[in-house]
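A short worksheet on the structure shown next.
Reminder, nothing fancy here: chain letters follow the sequence lines and each chain counts from 1. The shown structure was predicted, so the numbers you read here are calculated from the model rather than taken from an experiment.
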Amino acid sequence: MSVAALPIRRPTAIERRPERQALRPAIVVTACILSACSTNESKPGPEASGERQQVLAALADDVLRPAFADFASAADDVRSATETHAGSLSATDRDAARASWTSAMLVWQRAELMQVGPGAPATMDFPGGADLRDAIYSFPIVNTCVVDQELVSGEYADRAGFASGAAPNRLGLDALEYLLFNEAPDNSCAPQVAINTSGQWASLGDTEIQKRRADYAAALGGILADDARRLVDAWDPAVGDFRRELVDAGFGASTFRDQKQAFDAVYSALLYLDTETKDTKLALPAGLSIECASATCPEALESKFAKVSKQQIRSNLEGLGTVIFGPEPESDRTLAALLGAAGAPDLRGRMQAELTAALAAVDAIEETSLADALDADLASVLALHDAVKKLTDSLKSQFATTLDMAALGGGIGDND
Amino acid sequence: MTTTEWRQRLDAVANAPRDAASLAAFRVLFGLVLFASVVRALAEGWVRDFFIERSFFFKYWGFEWVSPLPDWGMYAAFAALGLAAIGIAAGAWYRLSVATFFVGFTYVELIDVTNYLNHYYLVSLLCALCFFLPLNAAWSIDAWREPTLRRSTLPAWNTYLLRFQVGLVYVFAGLAKLSEDWLVHAQPLRIWLSSRSDLPVLGSVLSEPWAPHALAWGGFLFDTSIVVWLLSRRTRPLAYLALVTFHLVTGALFTIGMFPFIMTTVVLVFFSPSWPRRLLPQRLTRWLDCDPTPQLPSTAAALPSTAPAAIGLVGHRTAWLVAAYCLIQVLVPLRHHLYPGDVRWNEEGMRWSWHVMVRAKTGSVTYRVTLPGGPQAPSRARTVLVNPRRYLTQYQAEEMSGQPDLILQLAHHIARDFAERGHGHVQIRADTLVSLNGRAPAPLIDPNIDLVTVEDGPWRARWITAAPPPLGPERAITAQLALP
């Protein structure tokens, strides 16, 4: 729709008149403008909204929904692999279950940068938030002891009840990693915890523990697949249609206050790279955080059992790259394209280079696992941290300023 | 003309009796807007977000002693503000009400610098002025209860003082826009408008390449000249119409809360003293005047005097106090000229200067904290990184990232926190990268300076870096207008 086709309010003729009369048109104009602001009838349709809405549509259709669909497919593989393993308890099936978990985890790590709407926390700060992310993966609030406690209680056998009632850190990919990759006969709880003081754990025996781990993993595999499908459905135009809420933000959709808030939600999701990837996954294990009392803290790595922390970071970077630059190199309906349109093509190029450098820094870590790298080549891990920081610095400064984005949450007030 | 004659003339102008109706209406409307602001703050959950859920509060220099009350106390404070606002509007226990609102509102604003807004500062100033002006002399419960308080007229300087205060906001807001960023590059307006394409009617217009420049120049001319148009009786109605439109548009474009409502209300002091009598039914104004006389003249000049003659101003101590107040109000916004560099970058003299909407500034701040290795092993000193989010809400962190004195404050807090945790005396340096009005990010703080050794104060801060260069020519108006 062209501008000429839009309903245009003709300016009111203003005549010289005494104050009494002059205030009346002011009130009328005020009321007219206010009414124009508060009704949808006079709003331009999506086709008139410009490139920002096209970017949101491309984000939903080309980035977010495909990522969630990929994960749902991977989660289905986890479901079937863990069920097969629970039935056979064979090493081969266990390895297949592990492989399916690794695939799903790395797909999910890209989606970690896409916690918009249903995937975001269910708080007032995050419009449309439904906590679906935490049900799928609760890092960094991981607690293997509670998984061991559930193992003893056996409550996971009631799959439906467990899915709806259990805390997130007893579910999802993090609990699955512990159940599938941890072969130690002991549990991770302190000696004074009930399952140890009561002798419940000791009474299970190794065989029963392995069986229960497989059963618990199968239960979680099924719940994970269901949660992944819920996320896909939440975005599906034929089901939850959160796609419309994002794309039509400011144009009739009600979840976001306006289109800017929808972009703020996307930006907030990108900040995962700053708070989680940079600070929690890299700075803390590398001894750059005060929470790490020694030179390095490998016990703080994200993937303690599957040892895929390095690949997880790479997937995070890939996820950020997809959100900003689109799924294809030539994508033109992207946040990066908006940078160019806003007169900052230099920033686009610089962030692309910083992303490439960060990915190269991951690949430059020769050790298979980040834990080994912390021990053998700390400098390479620190280099990766620095490379990621350059990217997050750009993200939080010129990128946010140029695209007028601000993070959600924390009590955003007025401005002037 | 002799000095005496000058004083007599000034005295005559300043103390000329003016219908009290205008200032009474100002009081009522101002009180109602304040009440709406308090209700809105409660409804938005800002008491919780701004005062209860925060663990750290940025202090104003000289007001470090101001701290938030317990949870119930903050809610009680806002309840008191709401009651005081009603008291102001109704003119009930007026002095107590306006004093309560001034003290309470200013206290609330002093709790955390990141809550600072220019229009909040204006509210505090207007409340302070209202305390000294007898705005309950008409159309108030106080005047109804106590006939000796009633006045049909008030000295003209009461109105002039309020006009001065309100006019100052526009003039300095206009002067702040007298910059290359605003007038040549239309920044930061261009950035903000680009994200408002969803606005009804306006959205498609704002996406035109010329729109930011048109609005930038329009805003500049509006701010710098509106007071002149409001002062002239002939242009005042049109000027007010333009002003209402301007504030409605900016209110629709930006998240500026009550600012449009406050300004469109307080600007009414520029209208003639009897404007409410012309708008309201005579029966109502007569009732508000507490006047049983059936035939009340419609103009103040003919009103029977119900109070002693206006007090003299010139030569009085009041005159000197008013003059001193006005001088301070002129000088404070100009103090940033005492500091070298761009005030939008170094923020020295930024607050209380009516620099309204002239900068889009966000950045990344990381503290490098060097822990001492101890006297036995000083070589084992270790450096850790601290993300401000460890101590701040997301909103506080974003506000802090562009304000050097706040970055310094948090550095001091981190030093105290680390000392309390047994890490001894640490050194803290800040790695900052800040983008101003779309510029490439640049360090805001000298990364080599140990901020623990730096004291905040009104003097020049040498630990703040020089502002980045002007925006490049590719963003100049000519380039923008050449876009398809």
Hey, could you give me the CG/CG distance between A:Asp125 and B:Asp49, rounded to the nearest 0.5 Å?
-> 6.5 Å
Is it the side chain or the backbone of B:Tyr116 that comes within 4.5 Å of chain A heavy atoms, both, or neither?
-> neither
What heavy-atom pair brings A:Ala341 and B:Arg190 nearest, and what distance separates the two atoms?
-> O-NH2, 3.9 Å
With sequence neighbours left out, what residues match B:Phe56 under ring pair (Phe, Tyr, Trp, His ring centres under 6.0 Å)?
-> B:Phe58, B:His413
Between B:Asp198 (side chain) and A:Phe251 (backbone), is there a donor-acceptor pair under 3.5 Å?
-> no
Proximal component of B:His247, with respect to chain A [non-hydrogen, under 4.5 Å] = neither
Top of B:Thr114, B:Val358, B:Asn118 for chain A proximity - count of heavy-atom pairs under 4.5 angstrom | B:Asn118
Non-hydrogen side-chain atoms of B:Ile191 and A:Thr401 separated by less than 4.5 Å | yes
Taking C-beta and beyond as the side chain, do B:Leu385 and A:Asp279 meet within less than 4.5 Å on heavy atoms?
-> no
From B:Ser207 OG over to A:Glu51 CD, what is the distance, rounded to the nearest 0.5 angstrom?
-> 9.0 Å
Please round to the nearest 0.5 Å and tell me the distance separating atom CG of B:Asn387 and atom OG of A:Ser289.
-> 10.0 Å
Lys/Arg N to Asp/Glu carboxylate O, A:Asp258 vs B:Arg196, below 4.0 Å | no
If you round to the nearest 0.5 Å, how far is CG of A:Asp274 from OG of B:Ser364?
-> 6.5 Å
Given B:Arg390 and A:Glu291, is the side chain to side chain contact (heavy atoms under 4.5 Å, CB included) satisfied, shown in steps?
-> CA-CA 11 Å; B:Arg390 180 188 175 91; A:Glu291 271 72 35; 2.6 Å; yes
Going from CG on A:Leu403 to OG on B:Ser194, what distance comes out if it is rounded to the nearest 0.5 angstrom?
-> 7.0 Å
So, for A:Lys389 and B:Asp431, which heavy atoms are closest and what is the spacing to 0.1 Å?
-> NZ-CB, 4.3 Å
Test item: B:Arg382 side-chain N/O and A:Ala295 main-chain N/O as donor-acceptor pair under 3.5 Å | no
Distance (rounded to the nearest 0.5 Å) between A:Lys260 NZ and B:Leu199 CG = 12.0 Å
Structural part of B:Arg421 lying under 4.5 Å from a heavy atom of chain A | neither
For the residue pair A:Met405 and B:Thr362, establish whether any side-chain heavy-atom pair is separated by less than 4.5 Å.
-> no
Most chain B-contacting option - heavy-atom pairs closer than 4.5 Å, from A:Leu347, A:Leu338, A:Leu271, A:Ile290 | A:Ile290
Top residue by heavy-atom pair count (under 4.5 Å) with chain A, among B:Arg48, B:Arg389, B:His423?
-> B:His423
pair A:Arg52-B:Ser195: side-chain heavy atoms closer than 4.5 Å = yes
For B:Thr250, check side-chain hydrogen bond (donor to acceptor under 3.5 Å, both in side chains) against everything at least two apart and list the hits.
-> none
Report yes if some heavy atom in the side chain of B:Leu193 is under 4.5 Å from a heavy atom in the side chain of A:Asp404; otherwise report no.
-> no
In terms of heavy-atom contacts, B:Pro441 and A:Ser397 come closest through CB-OG, 3.4 Å
Is a side-chain donor or acceptor of B:Glu398 paired with a backbone partner of A:Ala407 at a separation under 3.5 angstrom?
-> yes
Stepwise, does the side chain to side chain donor-acceptor pair (under 3.5 Å) test hold for A:Gln53 with B:Ser197?
-> CA-CA 9 Å; A:Gln53 192 175 29; B:Ser197 61; over 6 Å; no
Engaged part of A:Ala283 at the chain B interface, taking heavy atoms whose separation is under 4.5 Å | neither
Nearest heavy-atom contact between B:Ala440 and A:Gln398 is CA-OE1, 3.3 Å
Test item: B:Val384 and A:Leu288 side chains (from C-beta on) under 4.5 Å apart, heavy atoms = no
Heavy-atom distances under 4.5 Å only: say whether B:Thr366 touches chain A with side chain, backbone, both or neither.
-> side chain
